[in-house]
Amino acid sequence: MARILLADDSETILLLLRTRLEMEGHEVETATDGQEVIDKFGAGAPPDVLLLDAMMPRKSGIDALRELRAAGVETPALIVSAHTDGGNGEHHEGLDIAGYISKPIDFDALFVKIAELTTP
């Protein structure tokens, strides 16, 4: 299955998402903010998918993705947000976002999207 780097500032959401993703057979590494995503990205095997909360302290998922894209990282990214536009109407042009997942999370839709992104 897929290696997923999951970021959310809520411990409850991190635990829930990690548990459900691992139950589906995915390998999951977690981060609590966008800066931790940047720090962890180059620390091991690159993830197959980024699953990023749009709004987090220190650095948002959008800002982390912007920094990764500027560094040439092409890993597919899904943005998780309570907002239907991925986070307060932030400008996401040029970030090559693979999709948006709304909270509360529809796990069936999430699993389908991850499969679409990781199946050759």
Side-chain angles (χ1 to χ4, degrees):
M1 300 304 290
R3 286 183 314 280
I4 299 170
L5 179 51
L6 163 65
D8 199 294
D9 59 321
S10 165
E11 288 183 35
T12 303
I13 292 173
L14 271 181
L15 179 61
L16 176 63
L17 278 168
R18 179 181 202 145
T19 300
R20 291 294 306 269
L21 289 165
E22 287 177 344
M23 287 172 60
E24 290 293 310
H26 300 294
E27 180 183 324
V28 181
E29 184 168 2
T30 61
T32 57
D33 64 44
Q35 186 57 52
E36 196 174 347
V37 169
I38 300 298
D39 296 343
K40 286 186 171 189
F41 193 86
D48 299 311
V49 176
L50 296 167
L51 189 55
L52 307 172
D53 186 14
M55 298 166 53
M56 295 182 284
R58 203 160 63 138
K59 185 175 286 192
S60 73
I62 299 297
D63 289 340
L65 183 59
R66 188 171 284 118
E67 190 171 323
L68 290 170
R69 294 293 188 243
V73 172
E74 297 178 0
T75 301
L78 297 171
I79 300 299
V80 179
S81 178
H83 302 278
T84 57
D85 63 359
N88 284 339
E90 290 184 74
H91 189 63
H92 306 156
E93 187 174 318
L95 289 182
D96 191 25
I97 295 170
Y100 296 93
I101 304 295
S102 296
K103 294 179 183 177
I105 294 168
D106 176 342
F107 286 99
D108 291 334
L110 174 61
F111 299 148
V112 166
K113 190 65 178 173
I114 290 170
E116 289 173 358
L117 295 172
T118 58
T119 303

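One finds the CZ atom of R58 at 4.0 Å from the CG atom of D33 (value rounded to the nearest 0.5 Å). Between the CG atom in L51 and the CG atom in L110 there is a gap of 5.5 Å [rounded to 0.5 Å]. Distance check: R18 CZ to M23 CE gives 14.5 Å after rounding to the nearest 0.5 Å. Taking CG of L6 as the start and CD of E22 as the end, the distance is 9.5 Å to the nearest 0.5 Å.
Nearest heavy atoms, R66 versus D63: NH1-OD1, 3.0 Å. When all heavy atoms are compared, the tightest approach of A7 to V37 is CB-CG2, 3.4 Å. The heavy-atom pair separating L78 from A98 by the smallest distance is CD2-C, 4.0 Å. When all heavy atoms of A54 and S81 are compared, the pair lying nearest together is CB-CB, 3.9 Å. Heavy atoms only, all atoms of each residue included: M56 and G61 are closest at CE-N, 3.5 Å.
Every side-chain contact (heavy atoms from CB on, under 4.5 Å) that R69 has, sequence neighbours left out, goes to L65, V73, A77, L95, D96. Listed by chain and residue number, L14, E36 satisfy the side-chain contact (heavy atoms from CB on, under 4.5 Å) test with T32 (two or more places apart in sequence, or in another chain). Residues satisfying the salt bridge (Lys or Arg N to Asp or Glu O under 4.0 Å) test with R20, not counting sequence neighbours, are none. Residues passing the side chain to side chain donor-acceptor pair (under 3.5 Å) test with D106: none are found, sequence neighbours excluded. Residues forming a side-chain contact (heavy atoms from CB on, under 4.5 Å) with E29 (at least two apart in sequence, or on another chain): L5, K40. Shown here are the salt bridge (Lys or Arg N to Asp or Glu O under 4.0 Å) partners of E24, two or more places apart in sequence or in another chain: there are none.
Side-chain atoms of L68 and L50, non-hydrogen and from C-beta on, do get closer than 4.5 Å to each other. Side-chain contact check for F107 versus L17: some heavy-atom pair is nearer than 4.5 Å.
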Evaluate the side-chain contact (heavy atoms from CB on, under 4.5 Å) criterion for residues L52 and V80: first the C-alpha distance (whole Å), next the side-chain angles of each, then the deciding distance (0.1 Å), finally the verdict.
-> CA-CA 6 Å; L52 307 172; V80 179; over 6 Å; no
Run the side-chain contact (heavy atoms from CB on, under 4.5 Å) check on L21 and I114 step by step: do they pass? CA-CA 10 Å; L21 289 165; I114 290 170; 3.6 Å; yes
Could you go through T75 and F41, starting from their C-alpha distance and side-chain angles, then the distance that decides it, and tell me whether this counts as side-chain contact (heavy atoms from CB on, under 4.5 Å)? CA-CA 10 Å; T75 301; F41 193 86; 3.5 Å; yes
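L15 and I105 fall into different hydrophobic clusters, defined by Ile, Leu, Val, Met, Phe, Trp and Tyr side-chain heavy atoms under 4.5 Å apart, directly or through other members. Connection of V112 to I101 is not established within any shared hydrophobic cluster, with ILVMFWY side chains joined at heavy-atom distances below 4.5 Å, either directly or through further cluster members.
Pairs of residues two or more places apart, or lying in two chains, that qualify as side-chain hydrogen bond (donor to acceptor under 3.5 Å, both in side chains) and include a residue from residues 4-14 are D8-K103. Within the structure, no pair that satisfies the side-chain hydrogen bond (donor to acceptor under 3.5 Å, both in side chains) test touches residues 107-120, not counting sequence neighbours.
Side-chain N or O atoms of H26 include none that pairs as donor or acceptor with a backbone N or O of M1 at under 3.5 Å.
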